[in-house]
Amino acid sequence: MYCTRKITDEIVWVGGYDRRLALFENLFPIPRGVTYNSYLILDEKVALMDTVDSSISHQFMDNITHSLAGRSIDYLIVNHMEPDHCANIEELLIRYPDMKIIGNAKTIDLIKQFYDMDIEKNIIIVKEHDVLELGNHTLTFYMTPMVHWPEVMMTFEEKHGILFSADAFGSFGALNGNLFNDELDFDNAWLSDYRRYYSNIVGKYGTQVQNSLKKLSSLDIKMICPLHGPIWRSNLEFLLEKYDKWSSYTPEEQTVALFYASMYGNTESAINILANELVEAGVRNIVVYDVSNTHVSTLVEEVFRCSHIVIAAPTYNGSIYPAMFNFLHDMQALNLQNRTVGLLDNGSWAPTANRQVVSMIESMKDMEILQPIVSIRSALKENTHAQLLELKDAIVASLKK
Ligand code: FEO
């Protein structure tokens, strides 16, 4: 049975939800599931904007069959060739053998890498600014490589000003029928999932996102239709501003996120004291995370939000405690920049974590490390407590800059 919604009189959402998948990309927890969006434009010619993940193929095919009402698909536009959006190309070709597949040269390469379909007679290769006329709707293609894969492109529909934006402007989370941004409680229920999705999936490619934002800035965009999450038809400037901040590695908030690893509670205790002192000094909205029991995708999300971070880790096997090392490695991999960092380590006989953390932080761009760097021997004592208060003062002074 079909489960669709109208975007306009001639454009139908034919996507679906997966609330069973535990890990997106078999990596990121998605307790609220995920949405796979696909859009059907019913004009003189019929165009389908991407497909969906194999987990919801049955629902997707029901949606398409109902919406087509006996018509065929003329064009499948592949904005993104990651399998969560193109698992149904083969099935569509079986059902609609004359359907043309539109992508750029890299898209076609990836189709051939992933699948064993004979698609030569179906392929139409497009490049920057190429145009496809459907009748009342004109589609223009914009190449936006590495947002999130090299073949990614976006498609702009002129009549309604709709940007089909591929992964950009998407989010984790299955929708609850509330397909449009103005139908849901965005700030309270969705902003965190948007930030976690952006920072972990696309965060590495800030430069490419900035290039794409500049390229698209001349378009009169009235609606954004991403491949995941809600469709935006109001307050677009809010979302565009968030993307500008995230992709330029600009902190959203002047506040502190404290991340600790602690084997027996002594490092944790030092961080709790520091957090209390920071709040006493007037800092607001600080957050504290135990990296051992918080998924790294949440830690990354908070690093993208906060201007100041504190890293507190024991030395372990002569190295950085593994969960913290993994977090720092993710920061490096995602190209994190432009943060102010406080450091604390702990070691009972040979504390070396701080030295190695400094090296990892210094490998990132525009990172400032505050003084003093605090090193605890087993547990906080009067001398290290005094250093911790000095670090608090340095953080507060830096926040006031
Ligand atoms: Fe939702 Fe990059 O795929």
Any side-chain heavy-atom pair of Tyr115 and Met81 under 4.5 Å: yes
Stepwise side chain to side chain contact (heavy atoms under 4.5 Å, CB included) check, Leu163 with Thr155: CA-CA 6 Å; Leu163 180 69; Thr155 302; over 6 Å; no
List, one per line, each side-chain donor-acceptor pair under 3.5 Å for residues 384-401, sequence neighbours excluded.
from   : atom 1 : to     : atom 2 : distance (Å)
Thr384 : OG1    : Lys381 : N      : 2.9
Thr384 : OG1    : Lys381 : O      : 3.1
Ser398 : OG     : His308 : NE2    : 2.7

Side-chain donor/acceptor of Thr294 to backbone N/O of Asp290, under 3.5 Å: yes
Short side-chain donor-acceptor distance under 3.5 Å, Thr140 and Asp130: no
Check: Ala353 main-chain N/O paired with Thr315 side-chain donor or acceptor under 3.5 Å: yes
Heavy-atom closest contact (Ser55 atom, Tyr36 atom, distance): OG-CE1, 3.9 Å
Side-chain heavy atoms of Trp232 within contact of Met223, under 4.5 Å: no
Side-chain donor or acceptor of Asn176 paired with backbone N/O of Asn178 under 3.5 Å: no
More than 12 heavy atoms from other groups under 6.0 Å of CZ on Phe238: yes
Pair Ser348-Ser378, side-chain donor/acceptor within less than 3.5 Å: yes
Short side-chain donor-acceptor distance under 3.5 Å, Asn276 and Glu280: no
Phe172 vs Ile201 side-chain heavy atoms within contact, under 4.5 Å: yes
Backbone N/O of Met1 and side chain of Asp62: donor-acceptor pair under 3.5 Å: yes
Ile73 to Tyr75 - nearest heavy-atom pair and separation: CG2-O, 3.4 Å
Candidate pair Phe156 and Tyr142, rule ring-ring contact (aromatic ring centres under 6.0 Å, His included), full reasoning: CA-CA 8 Å; Phe156 185 65; Tyr142 293 89; 7.0 Å; no
Flag, side chain of Tyr249 to backbone of Gly203, donor-acceptor distance under 3.5 Å: yes
Tyr197 and Asp167: CA distance, side-chain angles, deciding distance, side-chain hydrogen bond (donor to acceptor under 3.5 Å, both in side chains) verdict: CA-CA 10 Å; Tyr197 173 86; Asp167 273 347; 3.2 Å; yes
Residues which pass ring-ring contact (aromatic ring centres under 6.0 Å, His included) with Trp246, listed by chain and number, not counting sequence neighbours: Tyr198, Tyr243
Pairwise side-chain contact, Asn79 with Val152, heavy-atom cut-off 4.5 Å (strictly under): no
Residues in side chain to side chain donor-acceptor pair (under 3.5 Å) contact with Tyr39, at least two apart in sequence or another chain: Asn37
Check: Asn181 side chain, Arg233 main-chain N or O, donor-acceptor pair, under 3.5 Å: yes
Parallel, tilted or perpendicular: rings of Phe28 and His295 (30°, 60°): perpendicular
Residues, nucleotides or ligands: over 12 heavy atoms within 6.0 Å of Phe325 CZ: no
Asn63 (side chain) donor-acceptor with Gly15 (main chain) under 3.5 angstrom: yes
Side-chain donor-acceptor contact under 3.5 Å, His85 with Asp53: no
Scan the side chains in residues 88-105 for donor-acceptor partners under 3.5 Å anywhere in the protein, sequence neighbours excluded, and list what turns up.
from   : atom 1 : to     : atom 2 : distance (Å)
Asn88  : OD1    : Ser57  : OG     : 2.6
Asn88  : ND2    : Val52  : O      : 2.8
Glu91  : OE2    : Arg95  : NE     : 2.7
Glu91  : OE2    : Arg95  : NH2    : 3.3
Lys100 : NZ     : Lys121 : O      : 3.0
Asn104 : OD1    : Lys106 : N      : 3.0
Asn104 : OD1    : Thr107 : N      : 2.9
Asn104 : OD1    : Thr107 : OG1    : 2.9
Asn104 : ND2    : Thr107 : OG1    : 3.4
Asn104 : ND2    : Glu151 : O      : 2.8

Side-chain donor or acceptor of Thr144 paired with backbone N/O of Val147 under 3.5 Å: no
Tyr17 side chain reached by Leu175 side chain, heavy atoms, under 4.5 Å: yes
Heavy atoms of other groups near Tyr2 OH, more than 12 under 6.0 Å: no
Donor-acceptor under 3.5 Å (Glu128 side chain, Met143 main chain): yes
Donor-acceptor side-chain pairing of Thr267 and Asn346 below 3.5 angstrom: yes
Between side-chain atoms of residues 354-375 and protein atoms elsewhere (two or more places apart, or another chain), which donor-acceptor pairs fall under 3.5 Å?
from   : atom 1 : to     : atom 2 : distance (Å)
Asn354 : OD1    : Asp345 : N      : 3.4
Asn354 : ND2    : Asp345 : OD1    : 3.2
Asn354 : ND2    : Val374 : O      : 2.9
Gln356 : NE2    : Gly318 : O      : 3.0
Gln356 : NE2    : Thr352 : O      : 3.3
Gln356 : NE2    : Thr352 : OG1    : 3.0
Ser363 : OG     : Gln332 : NE2    : 2.7
Ser363 : OG     : Met360 : O      : 2.6
Ser375 : OG     : Asp345 : OD1    : 2.6

Closest heavy-atom pair and its distance - Cys225, Ile231: SG-CG2, 3.9 Å
Row check, Trp190 ring normal vs Arg32 NZ/CZ: under 6.0 Å, within 45°: yes
Asp116 atom CG, over 12 foreign heavy atoms within 6.0 Å: no
Least distance between heavy atoms, Pro251 atom then Asn338 atom: CD-ND2, 3.7 Å
Charged N-O contact under 4.0 Å between Glu253 and Arg305: yes
His129 atom NE2: more than 12 heavy-atom contacts under 6.0 Å: yes
Thr138-Glu158 side chain donor-acceptor pair, cut-off 3.5 Å: no
Side chain Arg339, main chain Val303, donor-acceptor under 3.5 Å: yes
Donor-acceptor side-chain pairing of Ser199 and Glu301 below 3.5 angstrom: no
Check ion pair Arg5-Glu183 (N to O, under 4.0 angstrom): yes
Polar side chain donor-acceptor pair, Asn200 to Ser297, under 3.5 angstrom: no
Check: Pro351 and Ile376 side chains under 4.5 Å, non-hydrogen atoms: no
Qualifying salt bridge (charged side-chain N to carboxylate O under 4.0 Å, His left out) pairs with a residue from residues 38-50, counting only residues at least two apart or across chains: none
Residues Arg195, Glu302: salt bridge by 4.0 Å N-O rule: no
Heavy atoms of other groups near Tyr316 OH, more than 12 under 6.0 Å: no
Shortest non-hydrogen contact between Thr35 and Ala174, atoms and distance: OG1-CA, 3.3 Å
For the student: nearest non-hydrogen atoms of Ser165 and Pro226, plus distance: OG-CA, 3.3 Å
Glu82 side chain near His148 side chain, heavy-atom distance below 4.5 Å: yes
